[in-house]
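Okay, structure first, notes after.
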Amino acid sequence: AAKKTGGRVLRYDTALDRQASEHAELGAELRTALDESQFFMAYQPIVALPSGETVAVEALVRWRHPLRGLVSPADFVPVAEHNGLIVELGAWILRESCARMAHWRATLGADAPQRVSVNVSARQLSEPGFAESVAAVLADTGLPPRHLVVEVTETAVFDSDTALDTLRAVRALGVRIALDDFGTGHSSLGLLQTAPVDILKVDKSFVDHVGTPGRQAVIARALIDVSNHLQLTAIAEGVETAAQAEELYRLGYRFVQGYLYGRPAPDLVRSSGQHQLTAW
Ligand code: C2E
Ligand code: CA
Ligand code: CA
Ligand code: CA
C-alpha cells in the first residue's frame, strides 16, 4: 500500500520496518547478553536537601553491547518487557543491586547510602511469586528489607489484577514502595487512595518547569502538598540546575535526584569524606 501512496508514506513505512527489525534483533541479542554478562548496574544518588548528603541510590541497568556499545535501557527494557526476558533480567537486576547494597553496608558502615531503589517492570510485578522472590533475594544477600525500595509505575500497577496484592506482600516484608514517574499516568491521585505506597517520585517533566511562570510550574507545588498530606516522601526527579533545586526546596521538597547531584555510575568511591559517584 505504501508504494502507491507516494514517497512520504513509503519513507515512513521503511522507518517503521527498520524499527521493527531493530527490535527483533535486539530481542534476540538480549538472551546472549544475559548469558554473556553484558549487563551491569549504574547507581545514581538521591540526595537530601539542603545538606546534599546521599541518602539513597537508584539502580539503573546498563547494557554494554560488544558491537553497538552502550545501549540505553529506554531502548532495550521495552523490548525485554515485550519478549518476556525482563523477568529473568529483572531478577538479575534485583539480586545484583541488593548484593551491592549489602556490600556497601559491610564496607562503608554508617557512610553507606540508606537505601537502594530498584525499578520493577509491569511484567515482573504480574509474575506469580514475585514477593517471594524478593524475600529470597533479601535472605540470600543478607540485606535487611528496610534498605530496599521497589520502584513501580502507575501503569504497572494498573496492568494486572494482582499487582496491588503483590505490592502489599512486598511491603509487608518491610520493603518500601515508590511510585515512579508520578503524575504522568492516567489516574495518579486516585491510585493513592488504595495503593500501598511510601514514596512519590515526581516526574522530571514537572521538575523542568519549576520556578518558571505559567501553569506547568503549579504541578510540582501541588504534588508536594499531596505528599505531605498523605505522609508520603516526595523525591523530585531530573533536577539539573541549582535554580531548580532552590525552588524545589522552597516548595518543601527535601529529596532530589538529577544530574546536578550526580549521573548514574557503576560504583561509589570515597572522596574527601563524602561519597561521590565515579565517572564512567
Ligand atoms: P526512570 O526509572 O524514570 O529512571 C530515570 C532516568 O532519568 C534514568 O535514565 C536516569 O539516568 C535519567 N536521569 C536522572 N537524572 C537526570 C537528569 O537530571 N536529567 C536527565 N535528562 N535525565 C536524568 P536511564 O538510566 O536511561 O533509564 C531510562 C528508563 O529505563 C528508566 O526511567 C526506567 O524506566 C528504565 N530502566 C532503567 N533501568 C531499569 C531497570 O533496572 N529495570 C527496569 N525495569 N527499568 C529500568
Ligand atoms: Ca525509576
Ligand atoms: Ca522516574
Ligand atoms: Ca521515566
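Both ligands and their constituent atoms are indexed starting at 1 by order of listing.
With a 6.0 Å cutoff to the six-membered ring centre and a 45° limit on the axis angle, R100 does not count as a cation-pi contact of Y43.
Atom numbering of ligand 1 starts at 1 in the shown order; those under 4.0 Å from a heavy atom of I93 are 40 (C), 41 (O), 42 (N). Residue E58 has at least one heavy-atom neighbour below 4.0 Å for each of these atoms of ligand 1: 2 (O), 4 (O). Those atoms of ligand 1 with a heavy atom of E240 less than 4.0 angstrom away are 17 (C), 18 (O), 19 (N), 20 (C), 21 (N). Heavy-atom contacts of G238 reach the following atoms of ligand 1: 16 (C), 17 (C), 18 (O) (cutoff under 4.0 Å).
Applying the 4.5 Å side-chain rule to ILVMFWY residues, one finds that L60 remains a lone member of its cluster.
When only interatomic distances are considered, the shortest N/O to N/O separation between D181 and ligand 1 falls below 3.5 Å. The shortest N or O to N or O distance between R62 and ligand 1 is under 3.5 Å. When only interatomic distances are considered, the shortest N/O to N/O separation between D180 and ligand 1 falls below 3.5 Å.
Under a 4.0 angstrom heavy-atom cut-off, R263 registers as lying outside contact with ligand 1. For K201, the closest heavy-atom approach to ligand 1 does not fall below 4.0 Å. Within the 4.0 Å heavy-atom cutoff, G90 does not count among the residues contacting ligand 1.
Listed by first then second residue, pairs satisfying side-chain hydrogen bond (donor to acceptor under 3.5 Å, both in side chains) with a partner in residues 133-149 read R95-D140, R105-H147, not counting sequence neighbours.
Atom 45 (N) of ligand 1 has its nearest heavy-atom neighbour, among I86, V77, V239, V61, in V77. Taking all heavy atoms of A156, P73, G258 into account, the minimum distance to atom 30 (O) of ligand 1 is reached by P73.
D208 and Q216 form no side-chain donor-acceptor contact under 3.5 Å, judged by distance and modelled atom types alone. Q38 and H65 are not linked by any side-chain donor-acceptor pair at a separation below 3.5 angstrom, with hydrogens and angles left out of the test. No side-chain donor from either of S117 and E58 sits under 3.5 Å from a side-chain acceptor of the other.
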Using the rule given for side chain to side chain contact (heavy atoms under 4.5 Å, CB included), can you reason through L200 versus L230, listing the C-alpha separation, both sets of side-chain angles and the distance that settles it, and then say yes or no? CA-CA 11 Å; L200 294 186; L230 296 176; over 6 Å; no
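Of all protein atoms, those that are N, O or S and lie under 3.0 Å from the Ca ion (ligand 2) total 4.
Shown are D180, V197, L179; of these, the side chain to side chain contact (heavy atoms under 4.5 Å, CB included) with V152 is made only by L179.
A search for side chain to side chain contact (heavy atoms under 4.5 Å, CB included) contacts involving S72 returns A74, D75, not counting sequence neighbours.
With a heavy-atom cut-off of 4.0 Å, Q44 touches ligand 1 through its side chain alone.
Note: W92 and F39 have tilted aromatic rings, judged against thresholds of 30 and 60 degrees for the angle between ring planes.
The pair R171-D198 counts as a salt bridge, with a side-chain nitrogen and a carboxylate oxygen less than 4.0 angstrom apart.
Proximity of Y261 to L49: side-chain heavy atoms (C-beta onward) are separated by under 4.5 Å at one or more points.
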